[in-house]
Amino acid sequence: MALYSEKVMDHFTNPRNVGVIENASGVGEVGNAKCGDIMKIYLQIENEIIVDVKFETFGYGSAIASSSMATEMIKGKSIHEAMALTNKAVAEALDGLPAHKLHCSVLAEEAIKNALKDYFDKNNIPYDHEQFKETDHDDLHAQVHGE
Amino acid sequence: MQVYADNAATTRMSQVAVDAMMPYFTNVYGNPSSLHSAGQEAKEALEDARARVAKCLGCEPREIYFTSGGSEADNQAIISAARFGARKGKKHIISTAFEHHAVLHTLNKLEKEGFEVTLLDVSQGHNITAQQVREAIRPDTCLVTTMYANNEIGSVLPIAEIGAVCKAAGVPFHTDAVQAVGHIHIDVKAQNIDMLSLSAHKFHGPKGVGALYCRRGLPLTNVIEGGAQERGKRAGTENLPGIMGMVAALEDAVAHLDENMARVTALRDKLIAGLSQVPHSALNGDPVNRLPGNVSFCFEGIEGESLLLLLDMKGVQASSGSACTSGSLDPSHVLLAIGRVHDVAHGSLRLSLSEYNTEEEVDHILEVVPQVVSYLRNISPVWRDLQTGKRTYIL
């Protein structure tokens, strides 16, 4: 049995939206090298629409695939739609992730939210801080891996 | 091209080993404990196998105990020495920081029972010295247990010197030789080894079978209780087909040891030389005293699991000491023990070769590994930070 679904392998080996946006409207980075995964998302926002999105990821195949899928899911969408993206939706769009790799989809959701927060901060747009609670990644990682 | 380069995990069985097993499934299938002729025929084969394994290791047949593999042999050796030591009030054990979990977890269990364990530092030269062992020995030391060769990074330990130190101090010496048997020269008497663990599937034998060598005079404690098999020290009907496959594989390996070592070492050195060209990479393990087939590298800026998956898609089957290949938070304890920090240890790759690998396969590996490393670096934010000076290179 393969470790990952065909969709995960597709997005891992042919990731969409890889790269950097210079002078992006918002940049979000989550994770740390200790855990073994770091995700960075760049957003280009015009009139509340995400006109472009790029990512860079250091991590598992599932982390790269989650970033790729998540960027596809928010490209061309409004910032409000992007705010509503959940890790569950990312994992489902990938036809599921193994239980111990689910945190990769959590990283994708949080990287996007961080990038949006950066955009709000840069433009003095008020927002509800409750929406941006960050997970302790060491803790999350330990939880899913049953340290 | 499909290249199997994970021979430290397990090996393809040799044809001689497969052929040696076959008669023991359907012809000689008696239970060696049975009194009838079918049982006695099996018993004869079993004892013949024991003598042949003993000959390969340089010991007596009665010093060989068949087990289910390396882990069981490690468990039994360590627990036996601990029980024996405890009876004399000795509850200190010396080992190394980069042992296999079969050893480390057994030691953890003993620590909970009140034993004290000293794990020797392996960060200098990715190896230990006999001097370190000598300095760690105390009056209450009941066992020194060090691996013969490390499974992840390939360092070969100075076993004969450690054996001499232990003999002089009167401390039993066990070695987990799972990665070494069939790959390098071993003579338990000449090297003063008191106990040695081996596993058949690491030298082209079958899985699920191994052996423990235990010097006469050292009392063994049962790990598996039951019948009187293996001189009462290991219960359970013997895995005769497995044992016959193991001995055939072992004799084959020992008979061709020098030529295999020369061939595999040449392939290894070509791989090491080639991969050393990848910028910001480092060889793990002792560069000189090294298993013939082991190549272990860390590549900065990338993560091991994605590296392995992409290599697999390009036909190269390898392994990594990265986190989560083992299902734990940290990268391998071996890489951390030799001083690789987390950031770098995550990007590790182990290629382990056997005599079945060819130069064409090595060329293929040397073509695809740099491609995949470079691909992953190009999508890695860590690599970008390294290149733009936001992070400092470690390698």
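In what follows, every heavy atom counts, from backbone to side chain, and hydrogens, waters and symmetry copies are set aside. Residue numbers begin at 1 in each chain, while the letters A, B, ... track the order of the sequences.
Closest approach of A:Phe58 to B:Pro381, counting heavy atoms only: N-CD, 3.3 Å.
Looking only at side-chain heavy atoms (C-beta outward), B:Leu309 and A:Tyr4 come within less than 4.5 Å of each other. Using a 4.5 Å heavy-atom cutoff, the side chains of B:Arg384 and A:Lys40 are not in contact.
Counting non-hydrogen atoms of neighbouring residues, nucleotides and ligands closer than 6.0 angstrom, the CD atom of B:Glu113 exceeds 12 such neighbours. Within a 6.0 Å radius of NZ in B:Lys207, more than 12 heavy atoms belonging to other residues, nucleotides or ligands are found. In B:Glu111, the CD atom is crowded: over 12 heavy atoms of neighbouring residues, nucleotides or ligands sit closer than 6.0 Å. More than 12 heavy atoms of other shown residues, nucleotides or ligands fall within 6.0 angstrom of atom CG in A:Asp128. Other residues, nucleotides and ligands contribute only 12 or fewer heavy atoms inside 6.0 Å of the CG atom of A:Asn23. A 6.0 Å sphere centred on NZ of A:Lys88 holds no more than 12 heavy atoms belonging to other residues, nucleotides or ligands.
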Could you give me the CA-CA distance, side-chain angles and deciding distance for A:Thr57 and B:Ile379, then say whether side-chain contact (heavy atoms from CB on, under 4.5 Å) is met? CA-CA 6 Å; A:Thr57 293; B:Ile379 66 175; 5.8 Å; no

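When the salt bridge (Lys or Arg N to Asp or Glu O under 4.0 Å) test is applied to B:Arg350, the partners found at least two apart in sequence or on another chain are B:Asp6.
Only the side chain of B:Asp385 comes within contact range of chain A, with heavy atoms under 4.5 Å apart. Using a 4.5 Å cut-off between heavy atoms, A:Ile64 contacts chain B through its side chain alone, with no backbone atom that close.
Between the side chain of B:Glu303 and the backbone N or O of A:Asp37 there is no donor-acceptor pair closer than 3.5 Å. One N or O on the side chain of B:Ser306 and one on the backbone of A:Gly59 form a donor-acceptor pair closer than 3.5 Å.
Identified by a heavy-atom distance below 4.5 Å to chain A, the contributing residues of residues 367-378 of chain B are B:Tyr375, B:Leu376, in residue-number order.
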